[in-house]
Number of protein chains: 2
Amino acid sequence: MATKRDIMFSKACQYAIKVMIFIASNQKEGNRTGLKEIVAALGSPEAFTAKVLQQLVRGGLLESYRGPSGGFVLRDNKPVLIYDVVQVIDGRQLMEECVLGLPECSGENPCPVHEKFTGIRARLKETLMSTAVSDPSLLKGSFKSGR
Amino acid sequence: MATKRDIMFSKACQYAIKVMIFIASNQKEGNRTGLKEIVAALGSPEAFTAKVLQQLVRGGLLESYRGPSGGFVLRDNKPVLIYDVVQVIDGRQLMEECVLGLPECSGENPCPVHEKFTGIRARLKETLMSTAVSDPSLLKGSFKSGR
DNA sequence: ATAATTAAGGATGTTTTTATCCTTAATTAT
DNA sequence: ATAATTAAGGATAAAAACATCCTTAATTAT
């Protein structure tokens with residue numbers, strides 16, 4: 001009956017990736033990006049996006065500042081990878097855990113499809129880890145979902 | 001805060017894949033596999049597994065028979081691929097749709113990460129389409145999640 | 001015919017995810 | 001100091017996914 005689900009990332013994580021790329025693209029000499037700007041650019045629900053931003057701040061990927069001219073900036077010590085964003089919002093399951101959800105699944109004690117997916121998992125991890133949210137190659141696309 | 005979610009397939013789909021592999025492995029000269037057997041082998045919730053089986057039957061991947069000695073068998077006209085199972089239970093999103101959830105995303109009008117994921121998507125599709133649930137190589141693993 | 005077995009299917013409940021609302025805290029400008 | 005602005009955060013609601021319960025329909029065996 002084909003439920004609705006089945007997507008690589010949770011919706012929160014999709015927003016998070018877009019948010020991070022937008023902030024990165026908007027960030028020239030320490031410029032802060034506000035929630036309003038973000039939701040306008042993304043077309044995402046404001047309150048929910050705010051929660052996602054909170055998680056990103058708590059996760060150490062963003063710094064936040066309140067008050068007029070407040071907003072968000074990327075952490076400045078090291079680049080934020082897409083991998084980091086996924087980990088903070090969705091955790092390690094997609095990257096690390098058994099696709100059939102078996103706790104005991106591992107190389108020594110594999111589930112039936114374990115071998116089939118090892119390549120994909122590695123490739124996925126590789127891709128997520130090789131791309132920073134501030135990667136200039138990400139700037140060409142658009143994330144506004146509106147018409 | 002790392003929610004719980006983030007997995008490639010829905011839980012229903014995970015059950016479905018296991019179910020199909022189990023039925024395939026249990027199927028010698030048209031032998032039928034019953035719900036009871038299935039949930040015993042998988043350690044999956046009975047009523048929910050029954051619903052998943054219903055979907056697989058409606059989706060044309062299984063045939064079902066009622067009454068004593070009833071049960072389920074794989075369709076016999078053509079092999080069932082993991083790809084088919086995922087499509088029937090979870091739909092086409094994982095395989096076909098934008099990882100950021102953008103309806104307009106496409107090669108001509110890409111989202112920021114479109115390029116980064118094309119390789120993985122292709123690889124995933126390839127893998128799912130190249131493996132039948134009756135593939136003998138799947139028999140070595142176990143799916144019983146119990147201790 | 002009757003009883004036993006097994007899948008189908010409707011109704012309902014629970015949990016998780018997604019989303020909104022409203023108040024508080026911090027910061028800046030006047 | 002006061003007002004304005006912006007993020008933080010608690011409470012709540014809505015939707016989707018996951019799960020159970022119970023009755024019905026079909027089939028087989030006695």
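Lettering follows sequence order; numbering is per chain, from 1. Side-chain atoms are counted along with the backbone in the values below, which use heavy atoms only and exclude waters and symmetry mates.
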Please list, pair by pair, any protein nitrogen or oxygen found under 3.5 Å from a nitrogen or oxygen in nucleotides 19-23 of chain D.
from: D:dA19; atom 1: OP1; to: B:K11; atom 2: NZ; distance (Å): 3.0
from: D:dA19; atom 1: OP2; to: B:Y15; atom 2: OH; distance (Å): 3.1

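- Going from atom CZ of A:F9 over to atom P of C:dT18 covers 13 Å, rounded to whole Å.
- Rounded to an integer number of Å, the gap from CD1 of B:I89 to P of D:dC18 is 11 Å.
- In this structure, the side chain of B:T131 does not engage the main chain of B:L128 through any donor-acceptor pair within 3.5 Å.
- B:K140 meets the side chain to side chain donor-acceptor pair (under 3.5 Å) test with no other residue; sequence neighbours excluded.
- Looking only at distances, a side-chain donor or acceptor of A:R75 sits under 3.5 Å from a matching main-chain atom of A:K78.
- Of the candidate nucleotides C:dT18, C:dA7, D:dG9, D:dG9 has the atom lying nearest to any side-chain atom of A:Q54.
- Residues passing the salt bridge (charged side-chain N to carboxylate O under 4.0 Å, His left out) test with B:R66: none are found, sequence neighbours excluded.
- The nearest whole Å value for the distance from the CG atom in B:L56 to the C1' atom in C:dG9 is 16 Å.
- The distance from atom CG of A:L35 to atom C1' of D:dT5 is 12 Å, rounded to the nearest whole Å.
- In terms of the ring pair (Phe, Tyr, Trp, His ring centres under 6.0 Å) criterion, residue partners of A:Y15 (sequence neighbours excluded) are, by chain and number, A:F48.
- Residue pairs that meet the side chain to side chain donor-acceptor pair (under 3.5 Å) test with at least one member in residues 30-49 of chain A, sequence neighbours left out, are A:N26-A:T33, A:S44-A:T49.
- Distances shown here put every side-chain N or O of A:S64 at or beyond 4.0 Å from the OP1 or OP2 atom of D:dT6.
- Membership of the apolar cluster around B:Y65 extends to B:V73, as traced through chained side-chain contacts below 4.5 Å between ILVMFWY residues.
- Nucleotide D:dT6 holds its C1' atom 16 Å from the CD atom of A:E63, rounded to whole Å.
- Listed by first and then second residue, the ring pair (Phe, Tyr, Trp, His ring centres under 6.0 Å) pairs involving residues 82-116 of chain A amount to none (not counting sequence neighbours).
- Applying the side chain to side chain donor-acceptor pair (under 3.5 Å) criterion to B:Q54, with sequence neighbours excluded, gives B:R58.
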All N/O contacts under 3.5 Å from nucleotides 24-30 of chain C to the protein, with atom names and distances to one decimal?
from: C:dA25; atom 1: N3; to: A:R66; atom 2: NH1; distance (Å): 3.0

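- When hydrophobic side chains of Ile, Leu, Val, Met, Phe, Trp and Tyr are connected at separations under 4.5 Å, A:L139 ends up as a singleton with no cluster partners.
- Summarising the geometry, the separation between CZ on B:R58 and C1' on C:dA8 is reported as 8 Å, rounded to the nearest angstrom.
- Comparing the end axes of the helix from C:dA1-D:dT30 to C:dT30-D:dA1, each fitted to five base pairs by superposing C1' atoms of four pairs onto the next four, gives an inter-axis angle of 0° (nearest 10 degrees).
- The side chain to side chain donor-acceptor pair (under 3.5 Å) test applied to B:S137 returns B:D135, not counting sequence neighbours.
- A:L53 places its CG atom 14 Å from the C1' atom of D:dG9, with the value rounded to the nearest Å.
- We find that CD1 of B:I38 is positioned 12 Å from C1' of C:dT6, with the value rounded to whole Å.
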